[in-house]
Amino acid sequence: MKVAITSTGQSLESKLDQRFGRCAFFVIYDTETGGVEILPNPNKDAEEGAGPASVQLVASKEVEKIVSGEFGYKIKSLLDSLRIQMVVYKEPEKTVKSVIDMLNKQ
Amino acid sequence: MAKVGQPRSVFLHLEEYEVIRLCDFENLNHHEAARVMDVSRPTLTRIYAKARAKIADALVTGKQIIIEGGKIYFDSEWYKCNVCGCLFNQPEKSVTPEKCPLCGSGSIVNYVPVDDSTQVTRRAPSDICVCPGCGYEREHEPSRRCKDEECPVCGSHLIRKNNLLAKDI
């Protein structure tokens, strides 16, 4: 299963980005293969519609779960209809690596 | 009696049913109901007017009411993990989650958002009463005319802040 994690930087040591639509990077982690893909977010500085555009980006990667600090009201219904699970994790000091470790422990 | 060939039923949409339930059964006002249904207050009033018209039509012309359809979306259930503190939803509504999707712990509870309807944010200048004499400000109390209120500092009558701003211009 693929999981998208919003990140403030392009390494696994970067901290979690607390925003979804305008996060700096998406880390796509595959729980089966352990593969990691880091995508810069083209909607980082978008004035409007960053959320839905970011949903489109992560949905095209076929993720089933998104870990972020916050989700906007526009995209909750969108993610619901796409059957993508939202995980709100308000820990701005945690690194992407620590989230991946948590996912691996399961 | 409905004439032959005329439809014998009205279709009350689910959002119209909900608006009647909230406004006339639960006795919420339009502002509160709009917040519950996650639509704007004008939209809610529009839905309400439509619902009333349909129900009146059914009552007067003796049609049956069929509740179905409409533009609705049900929010999915939210849960909270007691171990890592994350919140998560369950997109597959028929399934109850057994463990946290992040840390895998089994200690999860249904998450009920705190009702913030009592702490309405009032940032628009129209929601602040101001004293034109001394500049004293306070939050406007709904359903009370501010010009009937006296300033506790200097005793002159209060005015809505945006009216004062308009006068300045």
Side-chain angles (χ1 to χ4, degrees), chain A residues 1-7 12 15-20 27-32 51-52 55 58-59 62-106, chain B residues 13-15 18 31-41 43-44 47 69-117 119-121:
Chain A
M1 178 180 65
K2 282 187 178 174
V3 184
I5 304 160
T6 56
S7 163
L12 295 184
K15 298 207 160 77
L16 267 180
D17 202 317
Q18 291 301 293
R19 299 156 306 166
F20 170 73
V27 176
I28 314 279
Y29 175 67
D30 193 322
T31 50
E32 273 121 53
V55 169
V58 292
E62 290 169 349
V63 305
E64 288 174 38
K65 198 188 284 185
I66 303 173
V67 182
S68 184
E70 185 126 29
F71 295 90
Y73 73 99
K74 273 187 199 166
I75 58 168
K76 280 183 177 159
S77 52
L78 200 57
L79 290 172
D80 257 357
S81 57
L82 289 167
R83 299 259 184 277
I84 296 176
Q85 186 176 43
M86 289 170 265
V87 180
V88 180
Y89 194 46
K90 288 196 176 161
E91 296 282 352
E93 292 306 310
K94 294 264 180 168
T95 61
V96 174
K97 180 97 178 36
S98 67
V99 173
I100 291 177
D101 288 342
M102 284 166 88
L103 291 166
N104 281 338
K105 265 191 234 154
Q106 295 190 26
Chain B
H13 291 165
L14 280 166
E15 74 265 23
E18 179 73 354
H31 286 277
E32 294 162 342
R35 215 173 295 131
V36 174
M37 287 176 68
D38 207 9
V39 295
S40 73
R41 206 279 309 149
T43 300
L44 182 113
I47 300 171
K71 286 183 211 152
I72 51 149
Y73 146 72
F74 290 103
D75 210 356
S76 54
E77 291 275 335
W78 281 81
Y79 301 88
K80 186 177 184 358
C81 169
N82 289 328
V83 176
C84 67
C86 75
L87 305 174
F88 58 97
N89 74 333
Q90 184 61 27
E92 212 64 62
K93 280 162 192 145
S94 50
V95 191
T96 313
E98 278 161 8
K99 53 178 195 162
C100 169
L102 197 56
C103 67
S105 92
S107 173
I108 52 174
V109 287
N110 240 320
Y111 176 67
V112 184
V114 192
D115 185 16
D116 55 0
S117 58
Q119 22 178 301
V120 185
T121 47

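Letters A, B, ... mirror the listed sequences (proteins, then strands); counts begin at 1.
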For a side-chain contact (heavy atoms from CB on, under 4.5 Å) check, start with the C-alpha distance between B/Trp78 and A/Val88, then their side-chain angles and the critical distance, and finish with the verdict. CA-CA 10 Å; B/Trp78 281 81; A/Val88 180; 3.7 Å; yes
Which atoms of [X] come close to chain B, meaning under 4.5 Å heavy atom to heavy atom: side chain ones, backbone ones, both, or neither?
X	result
A/Ile84	backbone
A/Val87	both
A/Lys90	neither

When rounded to the nearest 0.5 angstrom, what is the spacing between [atom1] in [X] and [atom2] in [Y]?
X	Y	atom1	atom2	result
B/Gln90	A/Met86	CD	CE	11.0 Å
B/Cys86	A/Met102	SG	CE	6.5 Å
A/Leu103	B/Cys100	CG	SG	9.0 Å
B/Cys84	A/Glu91	SG	CD	8.5 Å

Is any side-chain heavy atom of B/Leu102 closer than 4.5 Å to a side-chain heavy atom of A/Val99?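 They are in side-chain contact.
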Counting only non-hydrogen atoms closer than 4.5 Å, does B/Lys99 touch chain A with its backbone (N, CA, C, O), its side chain (CB onward), both, or neither?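 Interface part for B/Lys99: side chain.
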For B/Phe88, ring-ring contact (aromatic ring centres under 6.0 Å, His included) partners two or more places apart: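 ring-ring contact (aromatic ring centres under 6.0 Å, His included) list for B/Phe88, sorted by chain: B/Tyr79.
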Which of the residues B/Cys81, B/Gly104, B/Pro101 is involved in the greatest number of heavy-atom pairs with chain A at under 4.5 angstrom?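 Option with the greatest count: B/Pro101.
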Test of understanding: with salt bridge (Lys or Arg N to Asp or Glu O under 4.0 Å), list the residues that count as partners of B/Glu32, not counting sequence neighbours.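 For B/Glu32, no residue satisfies salt bridge (Lys or Arg N to Asp or Glu O under 4.0 Å) once neighbours in sequence are set aside.
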So, does B/Asn89 use its side chain to make a donor-acceptor pair with the main chain of A/Gln85 at under 3.5 Å?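 A pair under 3.5 Å: no.
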